[in-house]
Amino acid sequence: MRAVVLALTVALVVPEFALDKTYVYKYEALLLGGLPHEGLARAGIKVNSKVLLSAVTENTFLMKLMDPLLHEYAGIWPKDPFVPATKLTSALAAQLQIPIKFEYANGVVGKVFAPAGVSPTVMNLQRGILNILQLNLKKTQNIYELQEAGVQGVCRTHYVINEDPKANHIIVTKSKDLSHCQEKIIKDIGLAYTERCAECTERDKSLIETATYNYIMKPAAAGVLIAEATVEEVHQFSPLNEIHGAAMMEAKQTLAFVEIEKTPVVPIKADYLARGSLQYEFATEILQTPIQLMKISDAPAQIIEILKHLVANNVAMVHDDAPLKFVQLIQLLRFATLENIEAIWAQFKDKPVYRRWLLDALPAVGTPVIVKLLKEKFLAGELTIPEFIQALVVALQMVTADLETIQLTASLALHEKIATIPALREVVMLGYGSMIAKHCVAVPTCPAELLGPIHEIAAEAISKNDIPEITLALKVLGNAGHPASLKPIMKLLPGLRTAATSLPLRIQVDAILALRNIAKKEPKLVQPVDLQLVLDRALHPEVRMVACIVLFETKPSVALISSLAGALKLETNMHVASFAYSHIKSLTRITAPDMAAVAGAANVAIKLMSPKLDRLSLRFCRALQLDFYHTPLMVGAAGSAYMINDAATILPRAVVAKARAYLAGAAADVLEIGVRTEGLQEALLQSPAADESVDHITKIKRTLRALANWKALPTNQPLASAYIKLFGQEVAFVNVDKTVIEEAIPIVTGPKPRELLKAALKALQEGIALQYAKPLLMAEVRRILPTAIGVPMELSLYTAAVAVASVNVQATITPPLPEEIETMTLEQLKKTDVQLQAEARPSVALQTFAVMGVNTALIQAAVMAKGKIRTIAPGKVAARADILKGNYKVEALPVEVPEHIADVSFETLAVVRNIEEPTAERIVPLVPELAVQNAQTPADYSSYEIPDQAALRSATPFHKTLCLAVPYIEIKGCIEVHSHNAAFIRNDPLFYIIGQHSARASVARAEGPAVERLELEVQVGPRAAERLLKQISLIDEETPEGKAFLLKLREILETEDKNVRVSSESSSSSRIISSSSSSSMSSSRMTETATVMEPFRKFHKDRYMAPHGASKAVSSGSTASSFEKIQKQAKFLGNAVPPVFAVIARAVRVDHKLLGYQLAAYFDKPNARVQLVVSSIAENDNLKICADGAVLSKHKVTARVAWGPECQQYAVIAKAEAGVLGEFPAARLEVEWERLPIIVTTYAKKLSKHIPMAAFKAGFKLERVSNADKEIELTAALPSQRSLNVIARIPEMTLSRMDIPLPIAVPINPDGTLSIQIDEDILSWIQKHIKEE
């Protein structure tokens, strides 16, 4: 027998199933999901059965299951038992025990046959058993690798064949790498617009899939017999990185030989239909959401029931489970037929609230039925244009992109009614391009014929020179991104085709941008085209720069970028050179893995370019890219901004901004917004503003004049355009031309706005009551893939939200407004008293679900992360405007507040449910409250365990409540936090996330007298003094009362100073060594050469520049003396003049105690002096804030701010002055303080330690000098209109930096005058249009 075994290892034959025998096997399959740690919850299913195999012919066999039993599991692993799903087993027993027929030759499973009564789900379970029999055994090799077909597709499989002579059997081991498949069975939903970031997963992976099969085979008469087969399959997933912990789906199968029977398996009396091959076939799980299992018996009735629930329970406030109910509505609509939905629409289309809910739900269904329904209802006139556009934009992005839907969208785009509405046709056409892009993601071999209609439209538009149609066709081709569109697009590229040169610039730019999505698929085809465009100096600079954007998106090689850099060394156009240089330089800082090669190439290329380009100002074109990528967590974000300027005008030609995101090995261009002013630029270039010989200020004046004369602009081209892209797909664009402006002006200035205003005012007086609800399916991302046992597992993310707002507004206008509002004069308006009362209760509920587990129409078993957010923010206000009396008041009134105004929760669960008992679902927290502290983990994780000497984190929940009472208004806010996680197992991010977390915020009345309302009142004019609730007065230092008060205050302040001095002396000795070492370090890094600067000289009141002998001391001294002189005339202006206006903010309490603050503003016109006094209205509270300022001349302003008791405790003086520094115009700001709060001085000293290093990094020179202890001086001078000198003097040091380049010219002449003024004709034009009706 040993000789037989040895021979079989060399020339192994296939497993044998004799014709006259029935082979009985015991089968068990297990599928569990959760974390690979004991003591945590898991969810799964188990199948037990006998398997009977019988040969019909040499290559045809029958398989029958006997005594099948299904189990379900949701509990703490491994202590909790499996629970038999008795009702589900009974319901499926008939199907499970129907024999199926399959072809089997040379160990390979062929076609599978079964009666129509076997459902796809049961059929897939049978495939899971047949998958074990799949053996590609080679006769000449013991170790080999091949691509083998299986349930999951055709995947890389490794075989190892060994013998065990003692046991007299052969061991066959095969392992499958499910991440490397030739043809992988997988279904992705909501991922069509994402890109796989291969570089992100080279080192770290978020999803690992592998399977191992072990066979024990015994010799038989004509071959070998499978004595036992075991399968272990693992799917490990983490949204962060698997080394930080991952959730796991583990599948196990056992097929053990029991006996051989003589009774053959007999097929049932039914037609055996071909049911495909061994590969898994998707069933209704595509329509089934994994977050709930619904038994759909009567879809229309269930839809109406949920619709009524949503309408009834989301009126004044959003219901807690409204998002989940909305998802249920979408799921039911997916199962409904077109006739069912049409009947429901006919029933509710005339009920506005129901109609809105349906129009929000239907586009999210994502089936071709919905697109067909929307088309029919619009063509029948049952949908308005805004309703149709809103629904269609969402529907075309959500719908499954198959050939039927593509043809349906094409017919919609070519329909006569659609063609007459340009905005609607654009939406449909753009959606058609996106549909093709999604289809080509699912079917990489998608035919080019799908783009035939668009290619024909483009060709016809080119022949007719129809510019708008060419633009639309290019945008559609750009959305589709099919390589077959490259040739049609190249016909419109300048320099490559002579005909394209005559096309408008915007067509050339759109043609280049249309290459972007093609470049993601075929970068090698696009790179030569883009490089040629960038280097062609005969082309317009904007065309070259846009080509540069597309070129770098193709991720060029180091050779290509170096070639570009070398060519740009000789570039004559500074805009192109600046744009390319800034783009390459920003790429050197990119850290995202997919751009790592480009970043390295950019670092090489930047050294080949001139560093002078780095010093160009912002008026030249620029590109900027910033990103952040955290490798351990596999998350990141990137942002790009491109600004294309024109030397001839002040307006940029184009501005583009894009945001990109990275997560779990995928990347997506989330949002992109672009604005172009091409038509406006061309019009301006034809005006005198384009004269290169004039200065920048003259260009600004001429540009403003050209914009004012907009009626003279051309009508045959758009003046500006804008577009928006979501996930790389253009969803909307707009062109603004002269016709649009001409049509908009009558709408704005015509009678319609007046009618709308009249109707609004009438409605306000009658009272407005609104209830509005807006649901939204924010995310539906799913990946469904089969497991070895034939049951699908799913990774999915759902997010749904519902917002509800209830608004009541009532207005009273006295006297009533005239019927013809346009006849109302300003005097009538001044005599109007308007009272308004409004109450609003906005509320939002959001629910998100992340699921990993089994999802079928019969049973669901999964681990789930569930997050909920619910916020309610009620408010009630009353406002009054008495224009005649100049009184304006706003009141915040009491409102009923719910127990919690914000509630946030997150929990991880193990869930199992089946269709026969949908209400008997079992839900177990993933981390039990009293979890056993067990740090044992599998060997794979041993290197990441918490060290023994470190204390294990406790599983005890964390619970804390923080409350804060707001004084005066007697309101208390509390935040209650609860957290319970699995960090006691491993100190990794994932283990901190799983568990239960919640936070709730509440607002309630605090202890003390109740507050009736909060008031904010403004009184303007002579009655301001009457509205003050407390007389304002400032203490006079010359009176006995004033002297006594100041003496007492001085004693208090001296005591504080002594305490501060003692504490500072005790700590100064410990700081002296470190400060001396740090100062020596700073001195070694700083340039301490004294900066010889000329003194600041003020402007003379009769001429611009004062004599050279004027000094700073004289200047500041005269300023201080003049301000003090003004203050001595009247320390408190309230004694001489009434307040100009008063502001009172107070809380009105039931005990009538005054609480709040009031502000009074005084103006001394002869001295150009303003004084503001803020004081408390509470009794025995003399805290005040006093701000006193005066304009001493047209070049000098001084202000003093004091606060504390009677404004005597602290004070700061600020002086601003214009003058000259040397021969250059300059400005100086001085801040002096008499006394500051201790906290301010403490933090200022800490901050001053970091100034030397910050100054060094910013390029400032530092000089250690003894400046004034209580003064900061900042001086800025303009050597030229594009450069700046800055000198800052602070205690102990002076900082300076010369010739700082400015991005724009500052229009100030050396004598201090402004070199810009608005022309009289522009002023008159503005005034004219303001006065026009």
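Values reported hereafter were calculated over all heavy atoms of this structure, with side chains retained and with hydrogens, waters and symmetry mates removed.
Separating the CG atom in L125 from the OH atom in Y27 is a distance of 7.5 Å, to the nearest 0.5 Å. Atom-to-atom distance recorded for M249:CE and L785:CG is 9.0 Å, nearest 0.5 angstrom. Here CG of L293 is found 8.5 Å from CG of L858. Values are rounded to the nearest 0.5 Å. Atoms OG1 and NE2, from T212 and H158 in turn, are 11.0 Å apart once rounded to the nearest 0.5 Å. Taking CD1 of I171 as the reference point, atom CG of N214 lies at 8.0 Å (rounded to 0.5 Å). Atom CD of E103 is separated from atom OG of S277 by 10.5 Å, given to the nearest 0.5 angstrom.
Looking only at side-chain heavy atoms (C-beta outward), N142 and V160 stay at 4.5 Å or farther from each other. The shortest distance between side-chain heavy atoms of Q288 and Q331 falls below 4.5 Å. Considering only heavy atoms from C-beta on, L926 comes within 4.5 Å of L35 through its side chain. The closest side-chain heavy-atom distance from L69 to V47 is not below 4.5 Å. In this structure, the side chains of I161 and I170 come closer than 4.5 Å at one or more pairs of heavy atoms. Inter-residue side-chain proximity for V83 and V912 is flagged as unmet; no heavy-atom pair is nearer than 4.5 Å. Within the 4.5 Å cutoff, the side chain of L70 has heavy atoms near those of the L92 side chain. The shortest side-chain heavy-atom distance between Y280 and T787 does not fall under the 4.5 Å cut-off.
Side chain of Y104 to backbone of L133: a donor-acceptor contact under 3.5 angstrom is found. Proximity of a side-chain donor or acceptor of T60 to a complementary backbone N or O of V56 within less than 3.5 Å is not detected. Looking at Q147, its side chain does come within 3.5 Å of a backbone N or O of R156 through a donor-acceptor pair. Side chain of D188 to backbone of L191: no donor-acceptor contact under 3.5 angstrom is found. Between the side chain of Y992 and the backbone N or O of G995, no donor-acceptor pair lies under 3.5 Å. A donor-acceptor contact shorter than 3.5 Å links the side chain of N131 to the backbone of V151. Panel note: side chain E28, backbone K252; no donor-acceptor pair is recorded below 3.5 Å. Without hydrogens or angle criteria, T210 side chain to K176 main chain gives a donor-acceptor distance under 3.5 Å. Judged by distance alone, with hydrogens and angles left aside, the side-chain atoms of E38 form no donor-acceptor pair with the main-chain N or O of P78 at under 3.5 Å. With hydrogens and angles ignored, the 3.5 Å screen pairs a side-chain donor or acceptor of T157 with a backbone N or O of C155.
Smallest separation of non-hydrogen atoms from L178 and C181: O-SG, 3.5 Å. When all heavy atoms are compared, the tightest approach of A55 to A18 is CB-O, 3.7 Å. The two atoms that bring A43 and V911 nearest to each other are CB-O, 3.6 Å, heavy atoms only. Annotation for P99 and Y272: closest pair O-OH, 2.8 Å, computed over non-hydrogen atoms. Here the closest heavy-atom approach between residue A283 and residue T121 is recorded as CB-OG1, 4.2 Å. Considering every non-hydrogen atom in both H439 and C446, the closest pair reads CD2-CB, 3.8 Å.
In this structure, E72 pairs ionically with R922, as a charged nitrogen and a carboxylate oxygen lie closer than 4.0 Å. A salt bridge does not link R783 with E794: every distance from a Lys NZ or Arg NE/NH1/NH2 to an Asp or Glu carboxylate oxygen is 4.0 Å or more. A salt bridge links E250 with R42: the distance from a Lys NZ or Arg NE/NH1/NH2 to an Asp or Glu carboxylate oxygen falls below 4.0 Å. Contact check on K174 versus E148 returns a salt bridge, with a Lys/Arg side-chain nitrogen under 4.0 Å from an Asp/Glu carboxylate oxygen. Salt bridge status for E921 with R913: present, with a side-chain N to carboxylate O gap under 4.0 Å.
At most 12 heavy atoms of other shown residues, nucleotides or ligands fall within 6.0 angstrom of atom CD in E58. In the displayed structure, K184 atom NZ is contacted under 6.0 Å by more than 12 heavy atoms of other residues, nucleotides or ligands. Residue-environment remark: CG (N106) stays at or below the threshold of 12 foreign heavy atoms within 6.0 Å.
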Review point. Under the side chain to side chain contact (heavy atoms under 4.5 Å, CB included) criterion, do N981 and I994 qualify, and how do the steps go?
Key: CA-CA 6 Å; N981 58 41; I994 64 171; 5.7 Å; no
Practice item. Would you please test E261 and K21 for salt bridge (Lys or Arg N to Asp or Glu O under 4.0 Å) and show each step? Key: CA-CA 6 Å; E261 294 181 351; K21 299 177 182 178; over 6 Å; no
Check your understanding: What's the verdict on salt bridge (Lys or Arg N to Asp or Glu O under 4.0 Å) for K187 and E285, showing C-alpha distance, side-chain angles and the deciding distance?
Key -> CA-CA 10 Å; K187 179 69 70 174; E285 62 267 20; over 6 Å; no
Practice item. Assess whether salt bridge (Lys or Arg N to Asp or Glu O under 4.0 Å) is satisfied between R127 and E281, documenting all intermediate values. Key: CA-CA 10 Å; R127 287 188 176 98; E281 291 187 356; 3.7 Å; yes
Practice item. Dump the intermediate steps for side chain to side chain contact (heavy atoms under 4.5 Å, CB included) on I208 and F237, then the final yes or no. Key: CA-CA 7 Å; I208 299 176; F237 173 78; over 6 Å; no
Practice item. With ring-ring contact (aromatic ring centres under 6.0 Å, His included) as the test, would you mind laying out the steps for Y23 and Y25 before giving the verdict? Key: CA-CA 7 Å; Y23 295 81; Y25 284 86; 7.2 Å; no
Exercise for review: Determine, stepwise, if the pair S119 / Q95 fulfils side-chain hydrogen bond (donor to acceptor under 3.5 Å, both in side chains).
Suggested key: CA-CA 8 Å; S119 67; Q95 284 190 56; 2.8 Å; yes
Practice item. Report the C-alpha distance between F102 and F113 in whole Å, list the side-chain angles of each, state the deciding distance to 0.1 Å, and finish with yes or no for ring-ring contact (aromatic ring centres under 6.0 Å, His included). Key: CA-CA 6 Å; F102 64 98; F113 304 88; 9.8 Å; no
Practice item. May I have the step-by-step check of side chain to side chain contact (heavy atoms under 4.5 Å, CB included) for N136 and V108, ending in yes or no? Key: CA-CA 6 Å; N136 283 275; V108 177; 3.4 Å; yes
Exercise for review: Walk me through it: do L146 and K138 pass the test side chain to side chain contact (heavy atoms under 4.5 Å, CB included)?
Suggested key: CA-CA 11 Å; L146 51 80; K138 293 188 177 183; 4.1 Å; yes
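Defined by atom type and a distance below 3.5 Å, a donor-acceptor pair is missing between the side-chain atoms of Q279 and Q152. Between the side chains of Y213 and Q134, no donor-acceptor pair is found at a separation under 3.5 Å. Under the 3.5 Å distance criterion, with hydrogens and angles disregarded, a donor-acceptor pair is assigned to the side chains of Y662 and D594.
Judged by the 6.0 Å and 45° rule, K866 forms no cation-pi pair with F849.
Between Y144 and Y159, the angle of the ring planes stays under 30°, which puts this pair in the parallel group of the 30/60° scheme.
Here the options are V265, L130, I129, the test is side chain to side chain contact (heavy atoms under 4.5 Å, CB included), and the partner is I100; only L130 passes.
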